[in-house]
2 protein chains.
Amino acid sequence: MSIAELEEIRRSQILLAALTVMSRKGSFDATMDDIATAAGLSKGGLAHYYKSKNELFIAAFREFFARVFERCRESMAKAPGPLEKLLAFDLLFDPQEPYVPLGYPILFDCMAKAAHDADYGRVFGEWVEGWIALLSEALRLGVEQGLFRPLDPDPIARAVSAIYQGVATRWFLAPARHSRDWAVNAVKEAITRLMEPYILRPQLEESTTKP
Amino acid sequence: MSIAELEEIRRSQILLAALTVMSRKGSFDATMDDIATAAGLSKGGLAHYYKSKNELFIAAFREFFARVFERCRESMAKAPGPLEKLLAFDLLFDPQEPYVPLGYPILFDCMAKAAHDADYGRVFGEWVEGWIALLSEALRLGVEQGLFRPLDPDPIARAVSAIYQGVATRWFLAPARHSRDWAVNAVKEAITRLMEPYILRPQLEESTTKP
DNA sequence: GGATAAAAACCGACCGGATGGATTATCTTC
DNA sequence: GAAGATAATCCATCCGGTCGGTTTTTATCC
């Protein structure tokens, strides 16, 4: 095994440990000792790969968002049509999904940090932009396929993404009164209705021409 | 001045100081020293009124949410009709609004804490429920006034509130790509369209009866 | 292939600073 | 003078980061 390979393995091992501890304790309460223990290394061992706690945390948040993004992309790729692609994120409300119980605490921590620290704001913003790019692509696809009337994808994609963010926040933080059924339905209703004026129906095209 | 009056004044002074420091530094980085300095008291003075940092923070978050709730209630009270009441929260995107620059960092901190600590989850959840009660009331009003068709207010109010949460989160944390205009319009579009099937139009009542 | 030296990886102990809370002393009010 | 309010100081603990020492790996030479 080469030094580069070992470094890759160690960094990955440390990131996984960091994400686990951050999710369990909250990133504000996660210590380097905790993470070192979870990684099966010493603090000095951690220091070899990540020069500071902040550097490790930025890397951990980036890793987390990369994984979530990939999972979302997969889910979208499987959806049959552009509207279905906009609605392809029920995984966000699935407790069995690997990154759901682990992920929301991490997401909220990143948001709390982002409110004060531009580095974290950048991490959050880049993830958001990536997701919005996916959604915009689906909207453009819908137009190309003649399923949606011509539209500006950007603000709509942003609205769609924000709806998911709001509903998911409520589902996770106030679950007693925001069930999964509510979440799934709220998202579907809101997004479907938001898209309503853009949907072309070939067989009913005459009746969609409102006065 | 009686002891009860002094206590009221001191508690209020300390809470204001706490909110100011929490907003500026983040609640995770706010120390009792910081808050004492901001309150013009010593740490010992703080300890007389709040027995622990946690007790002070819970009280501060509650104070914050109470103020935001009151501000939202006022804004709604001024709106002319039930649909306008659902849309009466442009203040959430107004940087001149007192609790906006100060409030979002506090809100995100509370959310991050709520992900791990049921006490904070309760504080957050109670605020959410209060807001939803206002929205539900407006929906019921709309039905009573014959402006909305009969509906179940609860899930709709929750969806409306979640939309605000998502859009506001994006506006505040990723402002470069989520302008105030986008936010105001996204909320208006999403909520108006979500309500579309429920809106009764007296002059066009016949055409709303879809097959 | 073996021996040797150098570099890298890793550990455990240590350090200085920060913090919440406790304690003692002082001040203020009744 | 007593009670309450407040300040200042102290204390124990915690934490990120450092550092000297040890172990492991790599590179070089014969």
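Order of the sequence lines fixes the chain letters, A, B, ..., with proteins taken first and strands second; residue numbering starts at 1 for each chain.
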List the protein contact pattern of nucleotides 4-11 of chain D with one symbol per nucleotide (5' to 3'): B for base contact, S for sugar-phosphate-only contact, - for none; contact means a heavy-atom distance under 4.0 Å.
SSBBB---

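- Within the structure, salt bridge (Lys or Arg N to Asp or Glu O under 4.0 Å) pairs that include any residue of residues 10-23 of chain B comprise B/E7-B/R11 (at least two apart or interchain).
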Report all side-chain donor-acceptor pairs from residues 42-50 of chain B shorter than 3.5 Å, counting only partners two or more places apart or in another chain.
from: B/S42; atom 1: OG; to: B/G44; atom 2: N; distance (Å): 3.4
from: B/S42; atom 1: OG; to: B/G45; atom 2: N; distance (Å): 3.0

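- Counting to the nearest Å, the C1' atom of C/dA22 and the NZ atom of B/K53 are 17 Å from each other.
- Atom CZ of B/R67 and atom CG of B/L102 lie 9.0 Å apart (nearest 0.5 Å).
- In this structure, A/Q145 places its CD atom where more than 12 heavy-atom neighbours from other residues, nucleotides or ligands lie under 6.0 Å away.
- Heavy-atom distances under 4.0 Å link DNA chain C to no residue of residues 17-36 of chain A.
- Sparse packing is recorded around CD of A/E8, with 12 or fewer heavy atoms of other residues, nucleotides or ligands lying under 6.0 Å away.
- Remark: B/F65 engages B/W127 in a ring-ring contact (aromatic ring centres under 6.0 Å, His included) (not counting sequence neighbours).
- Separating the OH atom of B/Y50 from the C1' atom of C/dG20 is a distance of 17 Å, rounded to the nearest angstrom.
- Residues satisfying the ring-ring contact (aromatic ring centres under 6.0 Å, His included) test with B/F172, not counting sequence neighbours, are B/Y104.
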Given side-chain hydrogen bond (donor to acceptor under 3.5 Å, both in side chains), test A/D34 with A/T31 step by step and report yes or no.
CA-CA 5 Å; A/D34 294 329; A/T31 66; 2.9 Å; yes

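- Here the C1' atom of nucleotide C/dC10 and the CD atom of A/Q13 are 12 Å apart, to the nearest Å.
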